[in-house]
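Structure provided below as structure tokens; questions to follow.
First the proteins, then the strands, lettered A, B, ... as listed; each starts at 1.
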Protein chains: 2
Amino acid sequence: MSEDSAAVLDRSATGGEACAGGARSKPRDRIVAAARDMFHAQGFRGVGVEAIAEAAGTNKMTLYRHFGSKDELIVECLRSVFAEGEALWAALEERHHADPRAHLVAWVREKAEYVLTDCRGCTLANAAVEITEADHPARRYIEERKAAYRVRLTALCAAAGAAQAELLADALSLLLEGARVSRQSGGMDDPHTKFMRTAEAMIGAFAGR
Amino acid sequence: MSEDSAAVLDRSATGGEACAGGARSKPRDRIVAAARDMFHAQGFRGVGVEAIAEAAGTNKMTLYRHFGSKDELIVECLRSVFAEGEALWAALEERHHADPRAHLVAWVREKAEYVLTDCRGCTLANAAVEITEADHPARRYIEERKAAYRVRLTALCAAAGAAQAELLADALSLLLEGARVSRQSGGMDDPHTKFMRTAEAMIGAFAGR
DNA sequence: ATTGGACGTTACCGACCGGTAACAACAGCG
DNA sequence: CGCTGTTGTTACCGGTCGGTAACGTCCAAT
């Protein structure tokens, strides 16, 4: 009952690089990997640091040697999540750098698939819902990143020839965020389908066909 | 520091009836009223029963005489929130019973104003995000109510002459849910404005003009 | 006036949580 | 080899939380 979940999630947390041999990744990386999963699945307030350390195959003391507090660990997890999103965006950009409109609908498709796969929504948005302390460091970070994401999506919509790029970008954001939260609260079958259909219809309406 | 917040929220929690004289409403009603506010503002896991009882001008023991557990109280609060939504819907229906399309855009307007006013989103959806236990009684309730709300909105869209009533209803739901959560995570100025503009444009596209 | 039921008050319980101290084991590296 | 920095282990602290027991108080109905 003690070490049954140790080396299970021995992923390399830096990206997709293989960790040579049977060598475990460094404790810090395992901690943020485990914390990301558990925070996402059970909520930030629903997971204790001890459980995180155990799931990461280490212990609480080591965790606190790398992160000054649970709140710092939370912020680091959000950073990690956002970085992953950045990587996905960069991949899309590279694949469709010549055709912004194709980039945009590829983005919609990807997000739709993500909504289909994961039933616990956007970690950033969930954090905003769950972390209510106004001065929590995670709040500032979330706002920054959501804003940054918005200007990028707006730029893409503009590049795709949208009539009102900002309005289209915001509408798409609303739809996506709504699809993710609707997935959690039930009451709608296949929100990702509805998201994709409406989003693509919207792109068609704003950016010609 | 002890009884400074006692008789402050002495609202009659049954609706709009005036409570005659200076008579306080019953403890049970004050408890759910206080709990609703605090859960909404600070999250379900972020508020303790003792704080709720104190804010309601009573004490923990009385709270547990009315509610078997904190989880039961949570469900009761969700029930109360939903009942309030029902009342608002009924009022709209009565005012626009002859014109479903007017009813629909009035609904959009009302929700837009709500998004503008309240910065902590939909209590039902927040609960779905925050309460991660799969077997929590609140989960079942949320799913039921969201589903019920959906069939009603779909019926309204159909009555308003929408081409694809279900798709329109779901799209509006996505937009609304997205607007509410976007209000919390920042990154967008005036989500309610964007919600109203896109929603009305959508109604126009689906239900003629 | 008596009674019964709802409410208030205090104290308490066990469990958990975030965070820390102290010390042992272990690596790599000169 | 010895040294240094990272990790593992255990035990502990204060605080908070959900929930309960026991008893006192008040009011309303009979």
Is it true that B:E177 and A:R180 make a salt bridge, defined as a side-chain N closer than 4.0 Å to a carboxylate O?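 Looking at B:E177 and A:R180, the cut-off is not met.
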
Name all residues meeting the side chain to side chain donor-acceptor pair (under 3.5 Å) criterion together with A:R95; count only those two or more places apart in sequence or in a different chain, and write none if there are none.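 Applying side chain to side chain donor-acceptor pair (under 3.5 Å) to A:R95 gives none.
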
- Task: Using salt bridge (charged side-chain N to carboxylate O under 4.0 Å, His left out) as the criterion, point out the one residue from B:K70, B:R36, B:R28 that pairs with B:E76.
- Result: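 Testing B:E76 for a salt bridge (charged side-chain N to carboxylate O under 4.0 Å, His left out) against B:K70, B:R36, B:R28 leaves exactly one candidate, B:R28.
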
**Message:** Side chain of B:Y64, heavy atoms from C-beta onward: which of D:dA22, D:dT7, D:dG18 has the nearest atom to it?
**Reply:**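 Among D:dA22, D:dT7, D:dG18, the one nearest the side chain of B:Y64 is D:dG18.
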
Name the closest nucleotide to the A:K70 side chain, picking from C:dG18, C:dT20, C:dC7.
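Minimum distance to the A:K70 side chain belongs to C:dG18.
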
| Do the non-hydrogen side-chain atoms of A:M196 and A:R109 ever get within less than 4.5 Å of each other? |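 They are in side-chain contact.
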
Would one find a side-chain N or O of A:H66 under 4.0 angstrom from OP1 or OP2 of D:dT6?
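For A:H66, the contact criterion (side-chain N or O under 4.0 Å from OP1 or OP2 of D:dT6) is not met.
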
N/O donor-acceptor pairs under 3.5 Å from side chains in residues 60-69 of chain B, not counting sequence neighbours:
residue, atom, partner, partner atom, Å
B:T62, OG1, B:N59, OD1, 3.2
B:S69, OG, B:D71, N, 3.4
B:S69, OG, B:E72, N, 3.3

At less than 3.5 Å, do the side-chain atoms of B:R65 and the base atoms of C:dG8 form a donor-acceptor pair?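 Donor-acceptor pair under 3.5 Å: yes.
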
So, does the side chain of B:K60 form a donor-acceptor pair with the base of D:dG19 at under 3.5 Å?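 In this structure, the two groups form a donor-acceptor pair.
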
B:R28 has an atom CZ; how far is it from atom C1' of C:dA6, in whole Å?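 It is 14 Å, rounded to the nearest whole Å.
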
* Got a salt bridge between B:R152 and B:E86, using NZ or NE/NH1/NH2 to carboxylate O under 4.0 Å? ->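 B:E86 and B:R152: salt-bridged.
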
Within residues 46-53 of chain B, find the residues that approach DNA chain C with a heavy atom at under 4.0 Å, and present them sorted by residue number.
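None - not one residue of the stretch has a heavy atom sitting under 4.0 Å from the strand.
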
Rounded to whole Å, how long is the line connecting atom CZ of B:F44 with atom P of D:dG18?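 Taking CZ of B:F44 and P of D:dG18, I get 13 Å after rounding.
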
